[in-house]
Protein chains: 2
Amino acid sequence: MNKDPLKHDTAEPCLDARIRTKNEWDALTPAEIGLFNRNVVCRTYDAGRVIFGQGDQCRGLYIVERGLVAVRKVDENGLSAIVRLAHQGDTLGYRPLLAKENHRATAEVIKDSRICFADAPIMHRLLLSNPQLGMRFLEHTAQALGEAEERLFQVAALSVRTRIIHILILLRSHYGKTTSDGTLYLDMPMSWRDLADMIGARPESVSRTLRDIKDDGLINLNGRKVRIDRVDRLVDELHHSVHH
Amino acid sequence: MNKDPLKHDTAEPCLDARIRTKNEWDALTPAEIGLFNRNVVCRTYDAGRVIFGQGDQCRGLYIVERGLVAVRKVDENGLSAIVRLAHQGDTLGYRPLLAKENHRATAEVIKDSRICFADAPIMHRLLLSNPQLGMRFLEHTAQALGEAEERLFQVAALSVRTRIIHILILLRSHYGKTTSDGTLYLDMPMSWRDLADMIGARPESVSRTLRDIKDDGLINLNGRKVRIDRVDRLVDELHHSVHH
DNA sequence: CGCCAGGTTGATTTCGCTCAAGCAATGTGG
DNA sequence: CCACATTGCTTGAGCGAAATCAACCTGGCG
């Protein structure tokens with residue numbers, strides 16, 4: 001626990017933790033890791049904080065060491081949508097850095113997080129000195145593009161109910177625990193309001209639809225804790241699911 | 001004009017045309033351009049042809065030398081959505097190639113096109129020999145990700161009417177001509193049915209909504225030709241637009 | 001304590017989908 | 001050259017999912 005959420009803390013080398021989780025960074029040589037660690041700045045953020053804002057210039061790259069961050073888009077009419085979540089080990093701000101654009105979205109902390117920042121000059125230096133790193137990012141970005149297109153398809157074609165079920169299944173890997181008897185316990189990290197923003201729906205619709213799913217006996221609700229006795233029945237519904 | 005749409009035609013060096021249009025390929029050295037041109041295979045495709053299909057293994061990269069290609073996703077329930085358009089100079093299939101996945105979508109020709117194919121081994125050889133090329137692709141992919149997230153937001157939050165207006169404005173750069181008196185002439189390249197698939201709506205809804213917009217005096221329709229006397233009024237509506 | 005944000009619920013409306021029919025343009029085979 | 005499918009588009013009627021508007025409840029917090 002860090003008492004002061006604003007205190008920089010460069011003593012702890014971020015990449016040591018990261019490197020274990022097999023992502024783009026393991027392309028770096030020991031010397032590059034040293035360079036990285038000397039220049040990276042880490043701090044903790046409380047839930048609700050904003051890491052960078054839509055329209056801001058992109059100053060560098062953020063790595064989520066722990067916690068959860070939502071990437072949100074808001075338009076001039078106040079319409080809001082969460083386009084991506086960043087979990088432990090995920091990188092934030094690489095899209096505008098690589099596309100040489102300003103931030104097109106706001107990154108806001110959902111669960112208290114520890115975030116490492118690497119500024120743009122360092123990143124460009126590393127990318128130049130180690131093409132492998134670029135290839136890793138390329139692969140990663142290409143996968144992210146695939147996921148974005150997948151979600152595009154889903155939001156365009158599927159009902160709120162189906163989209164909620166999708167999210168539940170999706171968050172299983174990060175926030176779910178399956179007991180020996182096959183029961184799945186999901187501890188949802190975000191508010192229902194944010195869930196609504198993730199699937200492009202109103203909070204009221206999410207509330208009602210969750211109740212419907214519960215009434216159908218597919219899930220049990222207790223605050224943000226979801227118990228799913230028969231995951232297979234949920235998955236079934238996805239495959240037989242209907243239009244809007 | 002090419003009489004035989006199936007005839008391969010490697011004599012014409014594809015990259016010469018491409019290199020002029022300032023894209024990722026201008027990172028290549030003359031020697032690499034030679035290597036590329038010796039290995040690339042070009043042919044023409046009539047409208048309606050499929051270049052590659054959803055689920056297919058990714059064999060390489062396609063470059064649209066001229067024409068128009070739609071990237072379409074179809075799910076098991078027959079729901080269909082166009083997730084991207086590829087215009088002249090755009091590259092197809094780079095996402096699965098770089099993400100090392102199979103094709104997640106079908107590429108179908110909308111307007112008669114000439115497409116150049118570079119197989120995966122060549123691409124990997126070029127990417128290895130010239131890291132700059134990878135950086136260009138990285139930049140490009142990051143931009144594509146930004147656009148996908150933008151569209152994600154729109155489909156999640158905006159009405160069919162607003163989405164149609166968005167597309168009209170978007171296609172302005174490729175298919176629009178503005179006369180001296182400020183009137184915009186848009187020659188829509190795809191059927192209304194395909195437009196519906198692009199915005200996640202039914203053809204009937206598109207038809208009705210286009211009529212509504214016409215009745216409001218914002219556009220004039222004549223087949224696939226759209227005349228917009230006051231572009232600013234269309235743009236205005238985007239900024240005051242309402243939810244779903 | 002009062003305040004407020006998050007959440008629930010109800011009543012009502014509306015947007016967009018479904019189903020169905022019809023029409024014009026294009027193509028095809030006899 | 002006509003009869004006929006076929007395809008893209010339009011329009012109408014009806015319906016249903018989800019949004020809107022509004023009230024109210026809850027727990028956390030200054």
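These numbers were taken from a predicted model, which means no experiment stands behind them. Note on naming: letters A, B, ... go to the chains in the order of the sequence lines (proteins, then strands), and numbering restarts at 1 for each one.
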Inset, instruction - Quickly work out the A:Ile164 CD1 to D:dA18 C1' distance and round it to whole Å. - result: 11 Å
Inset, instruction - Please round to the nearest 0.5 Å and tell me the distance separating atom OG1 of A:Thr91 and atom CG of A:Leu61. - result: 5.5 Å
Legend entry - Note: B:Glu149-A:Arg84 ion pair, threshold 4.0 Å (strictly below): yes
Legend entry - Between P of C:dG6 and CG of A:Leu195, the distance in whole Å: 14 Å
Inset, instruction - Considering just the side-chain nitrogens and oxygens of A:Arg193, establish if one lies under 4.0 Å of OP1 or OP2 belonging to C:dG6. - result: yes
Legend entry - Rounded distance in Å - CG (A:Leu158) to C1' (C:dC17): 14 Å
Legend entry - Shortest non-hydrogen contact from B:Ser113 toward B:Val69: OG-CG2, 4.2 Å
Legend entry - Interatomic distance, A:Arg72 atom CZ to A:Met198 atom CE [nearest 0.5 angstrom]: 10.5 Å
Inset, instruction - Give the rounded distance in Å between these two atoms: CG of B:Leu79 and C1' of C:dT18. - result: 13 Å
Legend entry - Separation of atom CE in A:Met188 from atom P in C:dG7, rounded to whole Å: 11 Å
Legend entry - Whole-Å gap separating C1' (C:dT26) and CZ (B:Arg224): 13 Å
Inset, instruction - If the plane angle is over 60° it's perpendicular, under 30° parallel, otherwise tilted; pick one for B:His103 and B:Phe52. - result: parallel
Polar-atom pairs under 3.5 Å, protein N or O versus N or O of nucleotides 10-14 of chain D: list them with distances, or write none.
unit_1, atom_1, unit_2, atom_2, d
D:dT10, OP2, B:Ser207, OG, 3.0
D:dT10, O5', B:Ser207, OG, 3.2
D:dT11, OP2, B:Arg211, NE, 2.8
D:dG12, N7, B:Arg208, NH1, 2.8
D:dG12, O6, B:Arg208, NH2, 3.1
D:dA13, N6, B:Arg208, NH2, 3.3

Legend entry - Euclidean distance, atom NZ of residue B:Lys225 to atom C1' of D:dG8 [Å, nearest integer]: 17 Å
Legend entry - Flag for A:Arg227-A:Thr183: side-chain donor and acceptor within less than 3.5 Å: no
Inset, instruction - Kindly point out which of C:dG7, C:dC17, D:dA18 is positioned nearest to the side chain of A:Ser159? - result: D:dA18
Legend entry - Closest nucleotide among C:dG16, D:dT20, D:dC9 to the B:Arg163 side chain: C:dG16
Legend entry - Ring geometry between A:His87 and A:His174 (parallel below 30°, tilted from 30 to 60°, perpendicular above 60°): parallel
Inset, instruction - Round to a whole Å and report the spacing from CD1 of A:Ile199 to P of D:dA17. - result: 15 Å
